[in-house]
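Sequence lines set the chain letters: A, B, ... in the order given, protein chains first and strands last, and positions in each chain run from 1.
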Amino acid sequence: MMVGIVPDGVGGGWCAPLSDTGRPAGASWHAADLAGAVAEVERRDRPRWVWPSTAAIYPPLLRAGVRVERCHDIELTEALLLGYVGRWGEPRGLAAAAARLVGRPVPPDLPARQAAPPGDAQGALFETALVEDSAADSASLQELIEVYADQRARLAEVAEPGRFRLLVATESASALAAGEMGHHGLPWRVDVHTELLRDLLGEPSPVGGPPRRLAELTAAIGAALGDERLHPESPAEVVRAFTRVGISLPSTRAWVLRGIDHPAVPLLLEFKELYRIWTAHGWAWRDQWIHNGRFRAEYVPAGVVSGRWASRGGGALQIPRVIRRAVVADPGWVFVVADAGQLEPRILAAVSGDERLAAAGASGDLYAALATDAFDGDRAKAKVAMLGAMYGQTGGNAIPALAALRQFYPVAWELVEQAARTGEEGGAVRSWLGRTSPVPREPPQDGASARARGRFTRNFVVQATAAEWANTLLATLRGLIRDYEAELVFFQHDEVLVHCPAGGADDVVTAVHEAGERARALLFGETPVRFPLGVSTVECYADAK
DNA sequence: ATCGTTCGCCAC
DNA sequence: AAACGTGGCGAACGAT
């Protein structure tokens, strides 16, 4: 069964039982305490909740101690359906979808809520969950029911309805997982982080300026370039300083500097690395984002055009490797860290149906298999060629390798080439499950933008399908560990962290492998391609793999 | 002073 | 080796 709900903005909400076809299946009612009502119905019936926005509704439910198993997220589904018919980016909220349905002017979506406030401020339940406007009332419940029925009808009309329904289910389940992950937060040891900063950066400045090690490097770089007042964090100043010593630089990017023979270069490279840590993950970041031993970021499922997650606040998906030393499990607990290796080329093998590439994808090391097939055993060359084909590389010494790839894996090659051609002509491409790339307002006007568009669509078909596999794994894993004492605490494109008591880790490891296998079967059915997971059980994230 | 853009690094 | 896909973010930059 299903239950449609719309919050009333003051802690309650309207609820409507729905049949399996989405039609009203009984009288609707108003609950003064929406969280309480959801908890009770969830315990009794475990329905699929049909609601306007998981991002708006689920966090306050979680704060009230309520979890749900399944939902249908109207706004995420609406975005997928709009994209499918070439209307990517149009307002996707319930109010917009309802307005489109009856031909009323379509209101814009409300701007996204600010990133989760630091600290433990709870706020009133549902104070931010008011989905469309302050006049939300029982009419919104009627709109919800009508929009849901309409979405079901549109889902039935796509070319591959079974796949698209899986996409919608996975997207909605991802949103639940994202809410729970944001709610749990990533275990984070402030003391370890602080010690790490001191080791890397030296004493913090008592007046708020750069820490000691950065100050020393600044002085050394200035001396090496003959300018005591040089600011190494300023690209313009660094370029000018090199010009004065007879070296012209197109930019101060690290890879450019690495090609320069000058005593200031190693100092600058070290400065850049440490400066980045200081500004992006230093003491200020620590004080803003770590509270009560957790890093609580806000995750945004489908926040990336390809369907990958994005995050708001704290750079949750860009935690530098050295900083992961501070990610430590609670006493007596561990992390089960699972990482899908070589995911994107395996996805290409499964999607394209290229028999020879699929055979390579059946191996534990796809690149090694490619190397044996087509690159005289040169694994590095095979990897560069594969990445070049998926990203649209056109230059450099990957070109001969790309030719070998084309010759040995013509079916896979043609799939990404066709995707690129479609993009160059201003067209849209789709992922395996039907996520559709946005199209530019007008076709590319010149060769450079056409090629850029081609690289985007070329990569989209692989990256978006990889995201679907990973989201499906996550959603499946979430279900498998539902009754365990375990929490999902991190998910980064092809990697997932489960925090659990040490004694339960073996069960979680089993569940992770099972989830990967189910994701493979759900998406691709019979395929020789494997999606092996590197799984480790560790107390510290930095020790994974 | 303020705001939008660019640079450059982090992650995958 | 070379600079090719998706992002977030913070500081510098530069226009207003």
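- Across all strands, A:Gly314 comes closer than 4.0 Å only to sugar-phosphate atoms, never to a base (heavy-atom distances).
- Atom CD of A:Glu90 has more than 12 neighbouring heavy atoms from other residues, nucleotides or ligands inside a 6.0 Å radius.
- Taking atom CD1 of residue A:Ile399 and atom C1' of nucleotide C:dC4, one finds them 11 Å apart after rounding to whole Å.
- Projected onto DNA chain C by closest heavy-atom contact, A:Val256 and A:Phe456 fall at different nucleotides, the more 5' of which corresponds to A:Val256.
- Salt bridge absent: A:Arg356 and A:Asp373 never bring a charged side-chain N and a carboxylate O closer than 4.0 Å.
- Side-chain contact annotation: A:Trp309 with A:Asn471, donor-acceptor N/O pair under 3.5 Å present.
- Residue-to-nucleotide proximity on DNA chain C shows that, of A:Gly303 and A:Arg258, the 5′-proximal contact is made by A:Arg258.
- Using a 4.0 Å heavy-atom distance criterion, A:Phe460 is classed as making no nucleic acid contact.
- When the P atom of C:dC9 is taken as reference, atom CD1 of A:Ile323 falls 16 Å away, rounded to whole Å.
- Rounded to whole Å, the distance from NE2 on A:His281 to C1' on C:dG10 is 11 Å.
- Where pairing requires Watson-Crick or G-U contacts shorter than 3.5 Å, the helical stems of DNA chain C with at least three consecutive pairs are B:1-12 with C:5-16.
- Looking at A:Arg520 and A:Thr527, their side chains never bring a donor and an acceptor atom within 3.5 Å of each other.
- With a 4.5 Å cut-off on side-chain heavy atoms, A:Tyr541 and A:Trp188 do not count as touching.
- Atom pair A:Glu424:CD and C:dG5:P shows a separation of 13 Å (rounding to whole Å applied).
- One can place CG of A:Asn459 at 10 Å from P of C:dG7, the figure rounded to the nearest angstrom.
- Annotation: side chain of A:Glu171 is not in contact with side chain of A:Pro301 (no heavy-atom distance under 4.5 Å).
- Between A:Arg421 and A:Glu414 there is a salt bridge, since at least one side-chain N of the basic residue sits less than 4.0 Å from a carboxylate O of the acidic one.
- Taking 4.0 Å as the cut-off between side-chain N and carboxylate O, A:Asp227 and A:Arg240 do not count as a salt-bridged pair.
- Nucleic acid contact for A:Val305: sugar-phosphate only, since backbone atoms but no base atoms lie under 4.0 Å from a heavy atom of the residue.
- One interatomic measurement links the two molecules: CZ of A:Arg240 to P of C:dA12, which rounds to 14 Å at whole-angstrom precision.
- A:Glu468 has its CD atom 17 Å from the P atom of C:dT6, to the nearest Å.
- Ring geometry for A:Phe456 versus A:Phe460: interplanar angle over 60°, hence perpendicular rather than tilted (30 to 60°).
- A:Ser306 comes within contact range of no nucleotide atom at all, as no heavy-atom separation falls under 4.0 Å.
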Discussion item. Base contacts versus sugar-phosphate-only contacts with protein, heavy atoms under 4.0 Å: please encode nucleotides 1-12 of chain B as B, S and - from 5' to 3'.
Written reply: ------SBBBSB

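- Atom OH of A:Tyr299 and atom P of C:dT6 are 23 Å apart (whole Å).
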